Amino acid sequence: MVRFLFRRLLSIIPVLAIVSIIVFLALRLGPGDPAAILAGDSATPEMVAAMRAHLGLDQSLPQQFLHWVVQIAHGDLGRSITSNQPVTTLVASRLQPTLALAIATIIFSILVATPLGVLAAWRRGTWVDNLASGGAVIGFALPAFVTGYLLVFVFALKLQWLPVQGFVPLSEGFWPFGRHLVLPTLTLSTIYIALITRVTRASMLEILGEDFVRTARAKGLPERVVLFRHALGNSAIPILSVIGIGIALLLGGVVVTESVFSIPGLGRLTVEAVVARDYPVVQGIIILFSGVYVLINLAVDISYAIFDPRISY
Amino acid sequence: MSTVVANSTSFRSTVSIMRRHPGLVFGLVVVAAMVLLAIAAPWLHTLDPTLIRPRMRLKPPSSEFWFGTDASGRDLWSRIAYGSRISLIVGASVASASLVIGLVIGMIAGAIRKLDGIIMRIMDGVMAIPAILLAIMVVSLFGAALQTVIIAITLPEIPRVVRLTRSVVLTVRGEAYVEAAISMGTPTQILMIRHILPNILAPVIVQATFTASAAILIEASLSFLGIGTPSEIPSWGNIMADGRNYFQMAPQLIIAPGLLVALTVLAVNILGDGLRDLLDPRLAKSVGDAR
């Protein structure tokens, strides 16, 4: 177990290294001289050269890369070109809305999708299954901007139950915070629910055909226990891994959803930074999101080993 | 695969295939309709999609403007009809580019042991960056042009084709006929093209349909965010981006192109599911599950 943990931990190093090389190269080889941008429009060539030396851009690429990686390892993601604030400060100031949205979406999706998938597999071929499976196919194709605006149209403009857009921090009370989060969460959940429902149904179908399920039923266990303890417990691994892989979709969806609902989170920050060509901010956010994605999948992998005694490494 | 091709020559079995795979038919019909819309856009009661009419801002649907006009007085129906071209071009280009590049890299990884490790680590790294973010990074560096958008969306899709190709190569390489070919001294290139490529095509073509739908979705998302296809070109995402500030007055500016994106993505996905069931039911697990 300890050896497995160690090996799995080591395995994320090459992935993170490749991610940082890609992001680093993209920025250094891309057009535009960061030194010239930072020095300003009225800078003389000498000033640009001084700025280049100051930023370490006169060193060789591998040297620059090492320098940059050491910086990141110290939690320094560089400074924004437009506001001159540290990227970490900018990210921290936008973290709460994104975190709230992502956590609400993950919890809501799992709560809806797992029972739905179990039900669809249990009642295979009935209208319940058709509805759940068909809904999953449609949900998978619905872009966040379509779901988002349809929800706004119905629940905010016509029924006026919920606010159209915006975000209220938790410090201003749970009720306004929650009300503003409902529609974005529903929007972002659509694709995630579709994904989890599909995988839950598929792996439950497989497990429900196994001998031990027949045995459990034959010895007179209540169907509820058979379904949720025996069958769902044994389909946990594919479900967990799709929840982990789906985080990539979620992080991408955050960008669009925050834009639809004017939520001042990391997704909006990304778009603002791209429009302003603020490369260090774009770079920092991508490193952060990819790191989170890799770590969540690491956690998922480790959780298999903890929850499933059959897996020994 | 060969039986399918042989059967499909007769009309009756074509009908029976269509009956057994209704999704395939639905997908094909919708995709064909979209292609028709894209090609025939100039003759489908459309006007100049970029013509600005300051006196005709935000008009409701009428016989002249089927879907009404946008905030600059441009005809929404014409913009949507012409916009289908961008979605189809992006979907088709990204699917074929990632298919070809992914096939080549995947076959190299599967065939040459020395390169396998390094290639697959690079692919893992690319896949660790969420697709839209990688596309956003590329677009932010090289600016918005249609070619840039296509490259930006292709990049994150390549690793999926590589992984799939490599896994098929590794499976096929153990087959007796391949070992026989190797023992007869068949050069690697010929081995790849004659014996391995035919086995990879079916799963990779299925993957390509899923890639196309993902590409259409990402292009629309990027354009919706205002960082995709240049705003002067009518694309579904751009129409939505332009309509955002007028959603309360004219919801059709977003709902109409949005639903078309959804319908196209849905149809291409269902087409992919149908192709997968038709070409190889065993694939159901390995392709297109979690993208």
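To find a chain, count down the sequence lines: A is the first, B the second, and so on, and within it residues start at 1. Because the structure is predicted, anything quoted here is derived from the model rather than measured.
Taking both residues in full, the closest heavy atoms of A/Val256 and B/Ser221 are given as CG2-CB, 3.9 Å, listed atom of the first, atom of the second, then distance. Listed here is the closest heavy atom pair of A/Ile138 and B/Leu266: CA-CD1, 3.8 Å. Considering all non-hydrogen atoms of both residues, A/Tyr293 and B/Met127 come closest at CE2-O, 3.6 Å. When all heavy atoms are compared, the tightest approach of A/Leu142 to B/Ala262 is CD2-CB, 3.8 Å. B/Gly258 approaches A/Val146 most closely through the heavy-atom pair O-CG2, 3.1 Å.
Within the 4.5 angstrom heavy-atom criterion, atoms from both the backbone and the side chain of B/Ala128 approach chain A. Looking at B/Leu225, the atoms closer than 4.5 Å to chain A (heavy atoms on both sides) sit in the backbone and in the side chain alike. Contact of B/Ile216 with chain A is not made at all, since no heavy-atom distance falls under 4.5 Å. No part of B/Ala267 comes within reach of chain A, as not one of its non-hydrogen atoms sits under 4.5 angstrom from that chain.
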(message) Checking A/Val137 against B/Asn269 for the side chain to side chain contact (heavy atoms under 4.5 Å, CB included) test, could you report, in this order, the C-alpha distance in whole Å, the side-chain angles of both residues, the deciding distance, and whether it holds?
(response) CA-CA 8 Å; A/Val137 173; B/Asn269 275 344; 5.6 Å; no
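Inter-residue side-chain proximity for A/Ile18 and B/Asp124 is flagged as unmet; no heavy-atom pair is nearer than 4.5 Å. A 4.5 Å side-chain heavy-atom check between B/Val126 and A/Ile22 finds at least one atom pair inside the cut-off. In this structure, the side chains of A/Phe145 and B/Val261 come closer than 4.5 Å at one or more pairs of heavy atoms.
In terms of non-hydrogen atom pairs under 4.5 Å with chain B, the most contact-rich of A/Val23, A/Val294, A/Leu16 is A/Val23. The choice from A/Ser20, A/Ala248, A/Ser259, A/Ala156 that makes the most heavy-atom pairs within less than 4.5 Å of chain B is A/Ser259. Each of A/Val260, A/Asp278, A/Leu250 has some count of heavy-atom pairs under 4.5 Å with chain B, and the biggest count is that of A/Val260. By number of non-hydrogen pairs under 4.5 angstrom with chain B, the leading residue of A/Leu251, A/Val275, A/Ile286, A/Val282 is A/Ile286.
Atom CG of A/Leu157 has more than 12 heavy atoms from other residues, nucleotides or ligands within 6.0 Å. Atom CZ of A/Arg124 has 12 or fewer heavy atoms from other residues, nucleotides or ligands within 6.0 Å. Other residues, nucleotides and ligands place more than 12 heavy atoms under 6.0 Å from the CZ atom of A/Phe65.
To the nearest 0.5 Å, atoms CD1 (B/Ile255) and CG (A/Leu150) are separated by 4.0 Å.
Residues passing the side chain to side chain donor-acceptor pair (under 3.5 Å) test with A/Ser83 are A/Ser80, sequence neighbours excluded.
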